[in-house]
Student: 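Submitted below is the structure of interest, expressed as C-alpha cells.
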Amino acid sequence: MENKKPILSVKNLEVQFRVRSRVLTAIRNVSFDIYEGESIGIVGESGSGKSVLTKTFTGMLEENGSVTSGEIWFEDQDLAKFKTNKDWHAIRGIKMSTVFQDPMTSLNPIRTIGSQIAEVIIKHQKKSQEEAKRLSIEMMTKVGIPDAEKRYNEYPFQYSGGMRQRIVIAIALACHPRILICDEPTTALDVTIQAQIIELIKDLQKEYGFTTIYITHDLGVVASVADRVAVLYAGQIVEIGSVEEIFFEPRHPYTWALLSSLPQLADKGNKLFYIEGTPPSLYHKVVGDAFAPRNPFALEIDFVEEPPMFQVSETHFAKTWLLDPRAPKMESPEIIHDLHQKLKNRFIIRRDL
C-alpha cells in the first residue's frame, strides 16, 4: 500500500495438523502483508483456514498443529520459528491480542470482571494492584461500561452478552497491542449489539492507532469495517484487494459466489443463492484450482494446473486462470452487477464507499 509499511509479513506459509495417522494441510503456501494502522478482513466459508491462519500470528495453534514451512515477520522476528510459550510471552497479549466470538469462553465465570482485566495489566505492565485497578476501570469506561467503578467487582453472569464482549475487548486492549485480531467478534450477538461492537472497535482503533484483523464469514461486516479484504478458500488466499475492489470489481469466481450469497441480494419469493458442492479434502494434495469442481466458470486447465496469482492493479490480486490473457472473457454473475447501489440501498456498506 502506498506510503505504508507492513507491520506483519507472511511468506509462503504452510500449516499442517496431524490427525491420528493422517496429515491435513490447513494453510497452503500463503503470502501477504498487513499494513500498519489498517483494517483487513479475512473472509471465507467455515473451514477455509481463517482462524488457523491468524492463530499462527499468536502461537495459539492446537497441539497437533504446526507451521511446517514459511515465514511470519513481525518486528524483525520470524514468528514461524517460535516453539514455546516462553518464545511467545513478549508477543501474545502485549503486541498482538485476540477477541474471540464467544465472550463466555474467554472470561472466567467465578472471577470478578475487574480482576480479570487487572491480571493482564499486572502481568504484562508490572503495575501495582492499585494502579491496575485504576487502569482497569479506565478501560472499562473506554469500552462503554456504565458505572465502571461500581461494576468492577461484578461477575460475568451479571453482564449481558454485549457487555461481556466489551469486557473481552477491554482485556485485549489492556496492554495497548499493535495488532488486534477479531475472530468473529459479533457472531453470538443480536444485530443491534453487533453494530455497537463494530463501532466500538472502529472508534478504539482511531484512538489507539492499532491494526485490526477481522476474521468473518459475514461480508456485510467486512463492507462496514475493512480497508482491504483477503478471500480464503481451501487454505489459500484466492483474491486480495481493497474493499472497493473486492466488492465492486471482484475477479475470482469464488468471490463472485460469496457476494452472490449475500442475504441482502435475495428478492422476496426467490431462493437465496448458495454455493453448490463442498470444499476439497485437505488430507490429500489438491490438483489444479481447488474451487474448480464447484465453479460453473471453470476452464479445462483449472482441473489440471494450479493458477498463479495474477495482478489486477497495484493493490488487487486474484488466483484464477480467467485472468490469463489466453482465457475466454467471462462476465461476473448478473446478481452482483451494480452491487454498490444494491448494498447502499440496504444500508450495509460504509457511506464513504
Side-chain angles (χ1 to χ4, degrees), residues 10-32 41-57 59-72 80 100-101 183-184 187 213 215-219 222 229-240 246 250-261 272-310 317-324 333:
V10 178
K11 302 179 187 296
N12 305 314
L13 187 68
E14 180 185 84
V15 177
Q16 293 185 334
F17 289 86
R18 292 200 167 273
V19 184
R20 299 184 180 88
S21 59
R22 307 172 74 190
V23 174
L24 184 149
T25 306
I27 299 297
R28 304 184 296 125
N29 196 33
V30 165
S31 298
F32 74 119
I42 300 179
V43 303
E45 294 169 284
S46 296
S48 60
K50 305 183 299 295
S51 294
V52 170
L53 175 61
T54 55
K55 282 180 179 179
T56 65
F57 304 161
M60 294 182 70
L61 287 174
E62 288 75 6
E63 288 186 4
N64 64 332
S66 61
V67 173
T68 46
S69 66
E71 303 167 353
I72 307 166
F100 295 103
Q101 61 178 283
D183 190 348
E184 303 275 12
T187 298
I213 303 171
I215 306 166
T216 183
H217 63 273
D218 188 335
L219 287 166
V222 168
V229 182
V231 181
L232 255 69
Y233 184 76
Q236 288 191 333
I237 291 179
V238 296
E239 186 161 10
I240 187 168
I246 297 300
R251 295 303 183 91
H252 197 286
Y254 179 60
T255 312
W256 294 350
L258 285 179
L259 292 170
S260 299
S261 304
L272 178 65
F273 176 86
Y274 67 97
I275 307 172
E276 295 185 1
T278 57
S281 169
L282 297 181
Y283 284 110
H284 307 290
K285 180 178 172 62
V286 176
V287 177
D289 185 334
F291 188 58
R294 307 172 73 188
N295 178 13
F297 303 92
L299 307 172
E300 286 186 21
I301 193 172
D302 283 314
F303 296 91
V304 179
E305 190 173 340
E306 182 179 331
M309 186 70 85
F310 289 92
F317 300 82
K319 192 177 174 66
T320 171
W321 284 115
L322 291 179
L323 291 174
D324 189 287

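Worth saying up front: this structure is predicted, and the values here are computed from it rather than measured. The chain is numbered in sequence order, starting from 1.
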Student: Locate the shortest heavy-atom distance separating P307 from K319; write the atom from each residue and the value.
Tutor: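 Looks like O-NZ, 2.9 Å.
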Student: Can you find a heavy atom in the side chain of L13 that is under 4.5 Å from one in the side chain of L53?
Tutor: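 They are in contact (side-chain heavy atoms under 4.5 Å apart), so the answer is yes.
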Student: Evaluate the criterion side-chain contact (heavy atoms from CB on, under 4.5 Å) for residue pair L61 and T56; output intermediate values, then yes/no.
Tutor: CA-CA 6 Å; L61 287 174; T56 65; 3.9 Å; yes
Student: Quick check: does any side chain N or O of K50 sit under 3.5 Å from a backbone N or O of G44, one acting as donor and the other as acceptor?
Tutor: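 A pair under 3.5 Å: yes.
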Student: For the CG atom of D324 and the CG atom of L299, what is their distance to the nearest 0.5 Å?
Tutor: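 With rounding to 0.5 Å, CG (D324) is 9.0 Å from CG (L299).
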Student: How many angstroms lie between OG1 in T25 and CD in Q236, if you round to the nearest 0.5 Å?
Tutor: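 Nearest 0.5 Å value for the OG1-CD distance: 10.5 Å.
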Student: Taking all atoms of both residues into account, what is the closest heavy-atom pair of Y274 and S261, and its distance?
Tutor: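 Reported closest heavy-atom pair: CA-OG, 4.3 Å.
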Student: Classify the angle between the aromatic ring planes of W256 and F297 as parallel (below 30°), tilted (30 to 60°) or perpendicular (above 60°).
Tutor: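 Rings of W256 and F297: perpendicular, over 60°.
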Student: Do I237 and M309 come close enough that some side-chain heavy atom pair is under 4.5 Å?
Tutor: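 A side-chain contact exists here, since the closest heavy-atom pair is under 4.5 Å.
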Student: I'd like to check D289 versus H252 (side-chain heavy atoms, cut-off strictly below 4.5 Å). Are they in contact?
Tutor: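 With C-beta onward as the side chain, the pair touches.
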Student: Output the distance between atom OG1 (T68) and atom CD (E14), rounded to the nearest 0.5 Å.
Tutor: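 Taking OG1 in T68 and CD in E14, the distance rounds to 3.5 Å.
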Student: What's the shortest heavy-atom distance between A298 and A292, and which atoms?
Tutor: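 Here A298 and A292 meet closest at CB-O, 3.8 Å.
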Student: Starting at OG of S51, measure out to CD1 of I42 and round the result to the nearest 0.5 Å.
Tutor: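 Taking OG in S51 and CD1 in I42, the distance rounds to 9.0 Å.
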Student: Could you grab the distance from atom CD1 of I246 to atom CD of E239, nearest 0.5 Å is fine?
Tutor: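 If I round to the nearest 0.5 Å, the distance is 4.0 Å.
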Student: Indicate yes or no: at least one non-hydrogen side-chain atom of L282 is less than 4.5 angstrom from one of R28.
Tutor: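 Answer yes - side chains close enough.
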Student: Does any non-hydrogen side-chain atom of N64 lie less than 4.5 Å from one of V19?
Tutor: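 Result yes, sub-4.5 Å side-chain heavy-atom pair found.
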Student: Are there over 12 heavy-atom neighbours, none belonging to E63, within less than 6.0 Å of that residue's CD?
Tutor: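 Open: at most 12 neighbouring heavy atoms sit under 6.0 Å from CD of E63.
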Student: State, with a plain yes or no, whether a side-chain heavy atom of R22 is found less than 4.5 Å away from one of H284.
Tutor: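 R22 vs H284: side chains touch.
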Student: Please verify the inter-ring angle class for Y233 with Y254; under 30° counts as parallel, over 60° as perpendicular, anything in between as tilted.
Tutor: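 Correct class here is tilted.
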Student: Are S66 and R18 close enough that some pair of their side-chain heavy atoms sits under 4.5 Å apart?
Tutor: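 No; the side chains remain at least 4.5 Å from each other.
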Student: Verify side-chain contact (heavy atoms from CB on, under 4.5 Å) between V10 and F57, making sure each step is shown before the conclusion.
Tutor: CA-CA 9 Å; V10 178; F57 304 161; 3.7 Å; yes
Student: Would a distance-only check, ignoring hydrogens and angles, find a side-chain to backbone donor-acceptor pair under 3.5 Å from K55 to M60?
Tutor: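 Side chain of K55 to backbone of M60: no pair is present.
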Student: State, to 0.1 Å, how close I27 and G49 come at their nearest heavy-atom pair, and which atoms those are.
Tutor: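 So the two residues come closest at CD1-O, 3.5 Å.
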Student: Could you label the plane-to-plane angle of the W321 and F310 rings as parallel, tilted or perpendicular, counting under 30° as parallel and over 60° as perpendicular?
Tutor: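 The rings of W321 and F310 stand perpendicular, inter-plane angle above 60°.
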Student: Any chance you could measure T216, atom OG1, to E184, atom CD, to the nearest 0.5 Å?
Tutor: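 One finds 4.0 Å between OG1 of T216 and CD of E184.
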Student: Of all the heavy-atom pairs spanning V30 and G235, show the shortest one and how long it is.
Tutor: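 So the two residues come closest at CG2-O, 3.4 Å.
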Student: Give the minimum heavy-atom separation between F291 and P253, together with the two atoms involved.
Tutor: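 Taking F291 first and P253 second, the nearest heavy atoms are CE2-C, 3.7 Å.
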